Amino acid sequence: MKKVILSEFLDLVFESSSKDYSEWFGYYNYDTLDSSHKRLLCNRADFDGIKPNRELIIELGYYDIVEKKWHHIDYTNSWNWQQGAMLQWMPGEGNNDTVIYNCTLNGHNKARICDLSTGEKKQIDWSIYGITSDGSKSICLEMERSHWCRAYHYESVSNLEWEGRVIDGDGIFKLDLNNNTRTRIISIEEIIHTDFKTYFDKCKHWVEHIMISPSSKRFCFLHRFSPIDNVYKYETRLFIADIDGHNLQLISGWESFSWSHFGWKNDDEFVIYTQTPYRYSLNGNFLDFIRQRPIKFNKLFESIFYKTTGKLPYKVSKFLGGKRHIYQHYKMVNGCFQLVDEYGGKLLNIDGHPSFTLDGRYMITDSYPDNRRMQRLIVYDTVTKKSLLLGKFYAYYYRQPSSCDLHPKLSRDNEYLVVDSAFDEKHHMLVFKLNWQKIKDKISKE
């Protein structure tokens, strides 16, 4: 079986292929290429396929992709396979040679800002997450709390002060990167008591996956809760707030939808990948007659029905009213985010990580491995509702702690696309030039 299949819509520009190291970037909503497209940020390890532990240290650096030369920045043991060390280019005027990343110091999760031109490093007293577009603040969560939850975390710190069902000091924080001060802007109590359910009192609660909107007007995050003794049986709620933490809004439908990965289309629109029975879609109501049967029959039928239809082709499952896998499109309407559209189809029927071109028309996303362990790289035209397969990659570490998602990352001008892949037992970074004219000729002619 061919482990990488690339289409005519991609031109490979660079591949990190060191014989001695595994190299990756991580999450999909941060800049890995600088504005010149010449420097590629990268995590590097002399091991692979290993579950992270506090003794494992990785190297942070960047490639000059023209000269194919590696440049060292620092080392850290605050990392994971899915997000790296949150290494990212600092946005904002005058920050072209500046990066930020997480590290461990004196038994706590911290961050550092590094000026690549001088090598000077500034210590930040808390770990970072998303960075505002002016480079002045990080909207972040407490990574030492994440260690005790299902959330992506670091093995470098095991601070028992952050373990428990609910931690009083937990929530969402604003970290001032200029003054090195941190302020909580949304408390975990406020989150829990929004549309509160009595069974919340028997659950463990935490927050994760902060993502700031393109102009830093708003940010989203996930509230997750689980049985106290099993954080892997969690449920998910989606919140949006203004960048200062005000106007907190819980997106409706959380009891019906199973949400995962989020992508901002602009400051007032977003999509989120969703698993939902067809009856909860914008135009589906096929199984209402089942709900007129006795309750025991209802639950038994639904359990068998959704497990069966979930394995059928997309069009068949949709026709029968089975479980659907779609991207839901939400838009701000009269001060409230409302569901306005759905993106679906046979290429989009597996969970992925979406992001958008600057004009908001094209969605770039990927997929988890299919039944042949192949990950898809996809572009979707939100106007014509047509999708295009850009490539397929074998997922060697599928369902392992070191699993490698493609996590497609568009360059700032949308001309380049960066993915991670472990198709040959080792993590690589791949940089492609997108052939936009061929793409538009294929899917954008109405």
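Keep in mind the model is a prediction, meaning the values are calculated, not measured. Along the sequence shown, the residues carry numbers beginning at 1.
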*Identify the two heavy atoms, one from Y380 and one from L348, that lie closest to each other, and give their separation to 0.1 Å.*
CD1-CD1, 3.6 Å
*Give a yes or no answer on whether the side chain of K385 reaches the backbone of G345 with a donor-acceptor pair at less than 3.5 Å.*
no
*Could you tell me whether K38 atom NZ has more than 12 heavy atoms of other residues or ligands within 6.0 Å of it?*
no
*Can you name the nearest heavy-atom pair linking L390 to L417, along with the distance?*
CD1-CD2, 4.4 Å
*Give the minimum heavy-atom separation between L377 and P408, together with the two atoms involved.*
CD1-CB, 3.8 Å
*How would you list, by chain and number, every residue that makes a ring pair (Phe, Tyr, Trp, His ring centres under 6.0 Å) with W24, sequence neighbours excluded?*
W79, W81, H427
*How far apart are the closest heavy atoms of G84 and N43, and which atoms are they?*
CA-ND2, 3.7 Å
*Among L430, L40, D31, which residue meets the side chain to side chain contact (heavy atoms under 4.5 Å, CB included) test with V418?*
L40
*asked:* Restricting to ring pair (Phe, Tyr, Trp, His ring centres under 6.0 Å), what partner residues turn up for Y416, sequence neighbours left out?
replied: H37
*Show your reasoning for whether ring-ring contact (aromatic ring centres under 6.0 Å, His included) applies to F270 and F337.*
CA-CA 9 Å; F270 68 85; F337 281 100; 5.3 Å; yes
_Tell me the closest heavy-atom pair linking K137 and L177, and the distance in Å._
C-CD1, 4.0 Å
_If the condition is ring pair (Phe, Tyr, Trp, His ring centres under 6.0 Å), which residues does Y28 pass it with, not counting sequence neighbours?_
H353
*Would you call D268-R218 a salt bridge at under 4.0 Å N-O?*
yes
*Student check: side-chain heavy atoms of R412 and W89 closer than 4.5 Å*: yes
*asked:* Are more than 12 heavy atoms, taken from residues, nucleotides or ligands other than K51, located less than 6.0 Å from that residue's NZ atom?
replied: no
*Salt bridge or not for K331 and D341, using N-O below 4.0 Å?*
no
*So, D134 versus S136: side-chain donor-acceptor pair below 3.5 Å or not?*
yes
*Between the side chains of E23 and W70, does any donor sit under 3.5 Å from an acceptor?*
no
*So, R361 and T382: side-chain donor and acceptor under 3.5 Å apart, yes or no?*
no
*R373 charged N/C atom sitting above Y398 aromatic ring, 6.0 Å / 45°*: no
_Reference residue D170; test salt bridge (Lys or Arg N to Asp or Glu O under 4.0 Å); the match among K204, R165, R145_ = R145
_Charged N-O contact under 4.0 Å between D125 and R182_ = no
*Does a side chain donor of either W254 or E235 reach within less than 3.5 Å of an acceptor in the other side chain?*
no
*Which salt bridge (Lys or Arg N to Asp or Glu O under 4.0 Å) pairs, counting each pair once, include a residue from residues 146-155, with sequence neighbours left out?*
R150-E208
For residues 91-98, please give each side-chain donor-acceptor pair under 3.5 Å, one per line with the distance, not counting sequence neighbours.
residue, atom, partner, partner atom, Å
N95, ND2, P91, O, 2.7
D97, OD1, R39, NH1, 2.9
D97, OD1, R39, NH2, 3.1

*Partner set under ring pair (Phe, Tyr, Trp, His ring centres under 6.0 Å) for Y154, not counting sequence neighbours*: none
*Examine the side chains of N77 and T104 and answer whether a donor and an acceptor come within less than 3.5 Å of each other.*
yes
*Sub-3.5 Å donor-acceptor pair from the side chain of T76 to the main-chain atoms of N102, do we have one?*
yes
*F25 and H407: ring-ring contact (aromatic ring centres under 6.0 Å, His included), yes or no, with the steps?*
CA-CA 9 Å; F25 182 77; H407 285 151; 9.2 Å; no
*Taking atom types as modelled and ignoring hydrogens, do the side chains of S133 and S216 form a donor-acceptor contact shorter than 3.5 angstrom?*
yes
*Is there a ring-ring contact (aromatic ring centres under 6.0 Å, His included) between H71 and Y62 once you walk through the steps?*
CA-CA 5 Å; H71 296 265; Y62 68 91; 4.6 Å; yes
*Mind running ring-ring contact (aromatic ring centres under 6.0 Å, His included) on H209 and Y152 for me, showing each step along the way?*
CA-CA 9 Å; H209 289 311; Y152 291 139; 5.6 Å; yes
*asked:* Less than 4.0 angstrom from a charged side-chain N to a carboxylate O is my criterion; do D195 and K197 meet it?
replied: yes
*For K233, does the NZ atom have more than 12 heavy-atom neighbours from other residues, nucleotides or ligands under 6.0 Å away?*
no
